[in-house]
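Have a look at the structure below before the remarks.
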Amino acid sequence: MAIRILVGVKRAIDYAVKVQVKTDKSGVVTEGVKHSMNPFDEIAVEEAIRLKEKKVAQEVIALSCGPAQCQETLRTALALGADRAIHVEVTGKDYEMLQPLAISKLIAAVAKKENVDLVLLGKLAIDDDSNQTGQMVAGLLSWPQAVFASKVDIKDKTAEVMREIDGGSETLRVKLPAVITSDLRLNQPRFANLPSIQKAKKKPMAKMSPKDLGVDIKPHQEYLSYEEPPKRQGGGRVASVDELISKLKEKGLI
Amino acid sequence: MSTNIGSSLFTLSESHEMLRKTCRDFADRELKPIAAKLDKTHEYPTDIVKKLGDLGLMCVEVDEELGGSGLDSLAYAIAMEEISRGCASCGVIMSVNNSLYLGPITKYGNKQQHEQFVKPFLNGERVGCFALSEPGNGSDAGAASTIVKEHNKTNYIMNGTKAWITNGYEAEATVVFATTDKSLKHKGISAFIVKKPTDGLSLGKKEDKLGIKASSTCNLIFEDCIVPKENLLGKQGDGFKIAMATLDSGRIGIAAQALGIAQAALECALDYARKREVFGKQLTQLQAIQMKLADMEVRLQSARLLTWKAASLKSQGESYTKFAAMAKLAASECATFNAHQAIQILGGMGYVSDMPAERHYRDARITEIYEGTSEIQRLVIAGNLIKEYSATNA
């Protein structure tokens, strides 16, 4: 039986933007700054679409939590091949304070409501680098998880996932329903072609609120301040390998 | 097919925005990194053309029933600009197939011609071309000396030479304009579709051009070339009309190509000017440079508005000849201006191939010449302006 997949997509500051910290140190500048779909989420969407093309999946649902602009990100997912979209609307201060745990609760609630077999997420978002959401969704649902996936094979309600780990790679077998997060080398995402962009306009997009899902999104952490990383110091030249070694020892590096 | 719901001259609808993003991402990822190499090797980008085909960009305005992308003229202009910003050669290959080849055949062709000459040319696997100019006449299109005579019950026979044909080498079919009776001047010209290769059709040498080097340009030489009668496009004697209508549409594509080159040149200049420091300041802080950047931006935005206006008029089925000519004129002169200023801002670095400014300068130049020289555009604009004024003023 072909499975149903829920893919999470986040609208994040575009990777090419030079991010600036606000003068009051309360966050980074997002007004008027280019945003796009988190690159790891593009990879997750691509994987979901490929599973559909292989007839392993019968339906791909795209989900995004945030303000109205998230609908652009969802339309992109639809243009790439997702069947329908769900927009959980969170705006203003609530959105500024929206943290991975709250998002995980929202994703878990939608996954249960839609009765999906697989939740596919990017391993992390390039704005906050949290790398928590996938893991927490699995925890909340008590589902198995296979994160940092670089290869996914699904057969008979079981997923064989090759994961990239510090020591190399490991292969896990997980029973569906499960949570899988995408790593960089999982696939090369496609470009949305013109006919798909046209078709996307007719695909359904549902809107709901955290309250509709019975989720309390109150934050559990308070961000105290944001600072730029220290400016890169200049290096120095050494005349020989011996001098290099003594300098490194001096700095307590070896 | 109306996709421009929500698009005005000032804001794009969501679908147009998504299209622009797709084309820009494609250009940044696939075209920018190889544009310099294509320019150096003069290599026709076969793989890229197929990828453009996969995206639906080789048949943007062709109806969905025929297998095309079914989008409007604004979508075409946006796509052309973004692709050309990445690589001007790829832009012109795309433009010729869309406007000059598929344009007239979808509009004036019959069912059989659609099957044979449109459907196989949609996905980037094969491209077409458009043969109007001759060694003896470019602007003076009415003076065509390529002759076509009746050969027998089923065929014509064609003799003559066409010059400056973009995609000449790779095209597997061409729209050709030839006269059945020179004494009728432009009313004697008819349009034909000729398959390539065909007996009696040979190619001249590949021209060694200043720019858009990855696209091939050559003569098409017809020597007793047999053309089936069923390949007459439209009615006999309609050729000149078909050519002019086709060029109107093509001018929107070329205007957009010029916008892409102009935008690339401006970005090159801005990028350099922010980083380069002289007299204790970044170039962007020096007024002489700011004056140039402002002039470049004003011309670019103006030309873009003219181009989008022409596209909107076309989509609405209204007369757009004057605006298409204005768009092409403004955009091409902007492309050469921006490329010139970009080199000036980069100084010595603008003159060497390490930076793309010199390639933009060479690519831009042709936009003032092909598909109607700037001088012809001015004649078209003045003619229409005078006609419009005279129609409402005694």
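All chains are named by letter (A, B, ...) in the order of the sequence lines, taking the proteins before the strands, and each is independently numbered beginning at 1.
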Inset, instruction - Compare all side-chain heavy atoms of B/Lys21 with those of A/Ser36 and state whether any distance is below 4.5 angstrom. - result: yes
Legend entry - Residues that B/Glu82 engages under salt bridge (Lys or Arg N to Asp or Glu O under 4.0 Å), provided they are two or more places apart: B/Arg20, B/Arg24
Over 12 non-hydrogen atoms of neighbours within 6.0 angstrom of [atom1] in [X]:
X	atom1	value
A/Gln20	CD	no
A/Lys22	NZ	yes
A/Arg190	CZ	yes
A/Tyr15	OH	no
B/Asp271	CG	yes

Between [atom1] on residue [X] and [atom2] on residue [Y], distance to nearest 0.5 Å:
X	Y	atom1	atom2	result
B/Lys51	A/Phe191	NZ	CZ	8.0 Å
A/Leu194	B/Leu19	CG	CG	5.0 Å
A/Gln198	B/Ser15	CD	OG	6.0 Å
A/Asn193	B/Ser69	CG	OG	7.5 Å
B/Met18	A/Lys201	CE	NZ	8.5 Å

Legend entry - B/Glu30 portion near chain A, given a 4.5 angstrom heavy-atom threshold: side chain
Inset, instruction - Tell me, for B/Asp54 versus chain A, whether the close heavy atoms (under 4.5 Å) come from the side chain, the backbone, both or neither. - result: backbone
Inset, instruction - Using the side chain to side chain contact (heavy atoms under 4.5 Å, CB included) rule, take B/Arg29 and A/Gln188 through it: C-alpha gap first, then chi angles, then the decisive distance, then the call. - result: CA-CA 12 Å; B/Arg29 227 187 283 183; A/Gln188 170 82 280; 3.6 Å; yes
Compile the donor-acceptor pairs under 3.5 Å between side chains in residues 63-73 of chain A and protein atoms, sequence neighbours left out, one pair per line.
unit_1, atom_1, unit_2, atom_2, d
A/Ser64, OG, A/Val9, O, 2.8
A/Gln71, NE2, A/His87, ND1, 3.1

Legend entry - B/Thr22 vs A/Ile197, side chain to side chain contact (heavy atoms under 4.5 Å, CB included): CA-CA, chis, key distance, verdict: CA-CA 9 Å; B/Thr22 285; A/Ile197 292 176; 3.7 Å; yes
Legend entry - Engaged part of A/Ala192 at the chain B interface, taking heavy atoms whose separation is under 4.5 Å: both
